[in-house]
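Presented below is the structure to which this report refers.
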Amino acid sequence: MPTSDAEIEQVRALVGRIPRGSVATYGDIAMAAGLSTPRTVGWIMRTDSADLPWHRVIGASGRPAAHLAHRQLRLLAEEGVPIRDGRVDLATARFKFPELRDRWT
């Protein structure tokens, strides 16, 4: 099933809400948007994120994609995101969307 314009806008809105100094995973965003897979978020980010804080979206491992790693980690470090051994410390930096409050308790 194709991704709808409403789903794209929902993902864009969620990414735009991630505050400076925080990150969210593709899975967090997919769950908050009601999408069935984080891959849809990845596709949206790959095709429609130039005007968004794309660097605040990270894989569940805390590691950025290899082709973005240097730039993404630099941008995150400039915002004060804790990074250890090339990996974002998700326990400290992960943004908790209010939509997922039950998941964090």
Side-chain angles (χ1 to χ4, degrees):
M1 173 181 272
T3 305
S4 72
D5 289 344
E7 290 169 328
I8 292 169
E9 290 309 312
Q10 175 70 10
V11 167
R12 290 178 48 77
L14 289 164
V15 171
R17 287 176 38 205
I18 304 167
R20 184 175 173 80
S22 296
V23 298
T25 68
Y26 293 96
D28 295 340
I29 296 167
M31 189 175 293
L35 300 173
S36 61
T37 177
R39 288 179 181 226
T40 302
V41 175
W43 175 82
I44 293 168
M45 295 300 296
R46 190 171 50 254
T47 60
D48 191 24
S49 68
D51 61 335
L52 294 173
W54 61 268
H55 59 285
R56 296 180 188 151
V57 181
I58 198 94
S61 70
R63 289 194 187 277
H67 69 287
L68 297 172
H70 180 72
R71 183 172 177 215
Q72 188 170 17
L73 292 174
R74 179 182 51 80
L75 290 169
L76 291 171
E78 288 172 3
E79 292 186 1
V81 172
I83 298 166
R84 291 182 187 84
D85 298 322
R87 183 184 306 239
V88 171
D89 180 358
L90 289 174
T92 304
R94 194 177 213 163
F95 178 64
K96 296 177 171 123
F97 289 102
E99 294 89 332
L100 302 176
R101 92 179 107 237
D102 294 340
R103 179 178 175 192
W104 307 116
T105 58

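The nearest pair of heavy atoms linking Pro82 to Ala93 is CD-CB, 3.9 Å. The shortest heavy-atom contact between Ala32 and Gln10 is O-NE2, 4.0 Å. The minimum heavy-atom distance between Val81 and Ser22, with the atom names listed, is CG2-N, 4.0 Å. Summarising the geometry of Arg17 relative to Pro98, their closest heavy-atom pair is NH2-CD, 3.3 Å, with the distance given to 0.1 Å. The nearest pair of heavy atoms linking Leu73 to Ile83 is O-CD1, 3.4 Å. Here the closest heavy-atom approach between residue Glu78 and residue Arg20 is recorded as O-NH2, 3.8 Å.
Arg56 has its side chain out of reach of Phe95: every pair of non-hydrogen atoms, C-beta onward, lies at least 4.5 Å apart. Under the 4.5 Å side-chain criterion, counting only non-hydrogen atoms from C-beta, Asp28 is not in contact with Val41. Residues Ile8 and Trp43 are in side-chain contact: their nearest non-hydrogen atoms beyond the backbone lie under 4.5 Å apart. Val15 has its side chain within reach of Pro53: a pair of non-hydrogen atoms, C-beta onward, lies under 4.5 Å apart.
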Side chain to side chain contact (heavy atoms under 4.5 Å, CB included) between Glu99 and Leu14, intermediate numbers included = CA-CA 10 Å; Glu99 294 89 332; Leu14 289 164; 3.8 Å; yes

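The neighbour count for Asp85 CG, taken as heavy atoms of other residues, nucleotides or ligands under 6.0 Å away, does not exceed 12. Taking a 6.0 Å sphere around CZ of Arg74, one finds it holds more than 12 heavy atoms contributed by other residues, nucleotides or ligands.
Atom-to-atom distance recorded for His55:NE2 and Gln72:CD is 8.0 Å, nearest 0.5 angstrom. The CG atom of Leu35 sits 5.0 Å away from atom CD of Glu7, with the distance rounded to the nearest 0.5 Å. The distance from the NE2 atom of His70 to the CG atom of Leu75 is 9.5 Å, given to the nearest 0.5 Å.
Just one of Asp89, Leu90, Val57, Thr92 meets the side chain to side chain contact (heavy atoms under 4.5 Å, CB included) condition when paired with Val23; it is Leu90.
No donor-acceptor pair under 3.5 Å is formed between the side chain of Arg12 and the backbone N or O of Asp51.
Phe97 and Ile58 are assigned to two separate hydrophobic clusters, defined by single-linkage of ILVMFWY side chains at heavy-atom distances under 4.5 Å. Criterion: ILVMFWY side-chain heavy atoms under 4.5 Å apart, direct or through other members. Under it, Ile18 and Val88 are not part of a common hydrophobic cluster.
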